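Here the structure is a predicted model, which is why all the values come from computation and not from measurement. Atoms within each ligand, like the ligands themselves, are counted from 1 in listed order.
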Amino acid sequence: MNQHLRHQPIPFIDTVAQRQRLGQSLDAAVARVLAHCQFLGGPEITQLETELAAFCGAKYAVSCSSGTDALLMVLMAKGIGPGDAVLCPSFTFCATGEAVALTGATPVFVDVLEDTFNIDPASLRRGIATATRLGLKPKAVIPVDLFGQSAQHDLIAAVAEAEGLFVLDDAAQGFGASYKGRRIGTFGLATATSFYPAKPLGCYGDGGAILTDDADLLDKLRSVRAHGGGADRYDNIRLGLTARLDTIQAAVLIEKLKIFEDEIAARNVVADRYTRGLTDVVNVPRLAEGCTSVWAQYTIRLPKGIDRDQFQAALKAQGIPTVIYYPKSMHQQTAYRIFPVADGGLPVSERLSSDVISLPMHAYFDEPTQSRIIEAVRGAVAG
Ligand SMILES: *Cc1c(COP(=O)(O)O)cnc(C)c1O
């Protein structure tokens with residue numbers, strides 16, 4: 001490879017390659033909305049909701065303004081509030097616990113498993129006991145399908161059922177993945193996902209959706225989405241939000257959903273190449289039994305003795321971006337230190353926060369570019 005190509009910057013996520021592939025069809029989809037002018041609640045909204053539900057085998061989908069609002073809307077629709085505890089992993093994007101805190105309920109942080117980065121059922125049980133001891137009412141658990149891999153939903157469901165909690169799956173990163181042959185979107189009471197541009201299924205701005213089989217919840221979610229409205233337009237029956245998805249974003253998503261299956265396959269090819277190229281030098285991500293991933297991130301753990309800042313700088317010098325998801329677990333962050341953690345502490349979350357690093361990941365890698373990253377990682381670890 002010549003010197004110029006060797007140092008050409010590599011994008012962390014290639015939204016441009018995908019845009020080029022979608023080409024004219026995407027222009028036309030947006031142009032249709034610009035022609036009919038139903039910028040909110042246009043026909044694309046219903047079409048997208050139908051297609052999202054069909055994609056994952058859920059009965060209903062409710063589109064909304066973001067993944068965070070998707071989580072918040074379910075909690076609001078279920079009447080979660082002060083005095084309630086909602087269990088969630090600490091090693092996640094902040095929105096998981098933030099949605100809980102916004103309702104006035106208490107997020108209780110639990111630990112994750114070392115190999116999958118997803119919620120640890122034993123820590124979940126301890127967290128429920130902690131919540132009860134603190135005088136809180138444990139109401140729900142939010143497992144996260146972190147980095148694109150399905151959580152082990154049977155194990156979580158068993159604990160939730162025994163303890164009378166409902167399950168709200170945070171699939172912001174995992175939409176499209178499956179567990180025991182079933183797509184994410186049908187586990188627990190409801191599933192929230194995000195269409196933030198960098199997620200596996202992203203739109204061209206903010207967006208999200210909720211999937212559920214529960215007709216009563218569906219009604220409440222639609223009400224919460226628009227100010228808590230009821231049958232009488234001017235008699236709002238609960239507190240709600242302005243949380244609709246724009247029609248233009250729905251039009252974009254309809255086009256992207258057509259190639260999503262293919263992109264998931266491509267992401268798995270990319271992940272396999274990383275794993276083959278790196279398994280002997282760093283801790284590569286592992287899939288648990290029955291779980292698939294859409295590889296929202298390809299996150300490795302550096303071996304002991306490798307300085308993460310130096311490693312990151314060495315890759316950056318070669319035009320290779322990396323990101324640390326997440327340098328602080330939620331319970332270590334300023335806004336969330338006040339909330340309880342499961343008895344026994346969260347040692348795995350803390351360890352992960354100190355040694356993980358995510359490599360560029362998207363569906364549009366060519367093999368030479370990926371080889372360049374693999375060689376750079378191997379070189380940086382060798383020192
Ligand atoms: C991105 C993300 C969210 C929030 O989604 P937004 O659309 O950005 O609000 C929630 N949970 C997890 C795990 C996420 O990665």
So, are Arg276 and Asp272 salt-bridged, with charged N and O less than 4.0 Å apart? no
With a 4.0 Å heavy-atom cut-off, what residues sit around ligand 1? Ser66, Gly67, Thr68, Thr92, Phe93, Ala95, Thr96, Val144, Asp170, Ala172, Gln173, Ser194, Lys199, Gly207
Do NZ/NE/NH1/NH2 and the carboxylate oxygens of Asp355 and Lys304 come within less than 4.0 Å? no
Electrostatic pair Asp214-Lys78, nearest N-O below 4.0 angstrom: no
Might you work through the side-chain hydrogen bond (donor to acceptor under 3.5 Å, both in side chains) test for Tyr298 and Thr275, ending with a clear yes or no? CA-CA 9 Å; Tyr298 189 91; Thr275 297; 2.7 Å; yes
With a 4.5 Å cut-off on side-chain heavy atoms, are Val110 and Val141 touching? no
Looking only at the side chains, is there a donor atom on one of Thr247 and Glu44 sitting less than 3.5 Å from an acceptor on the other? no
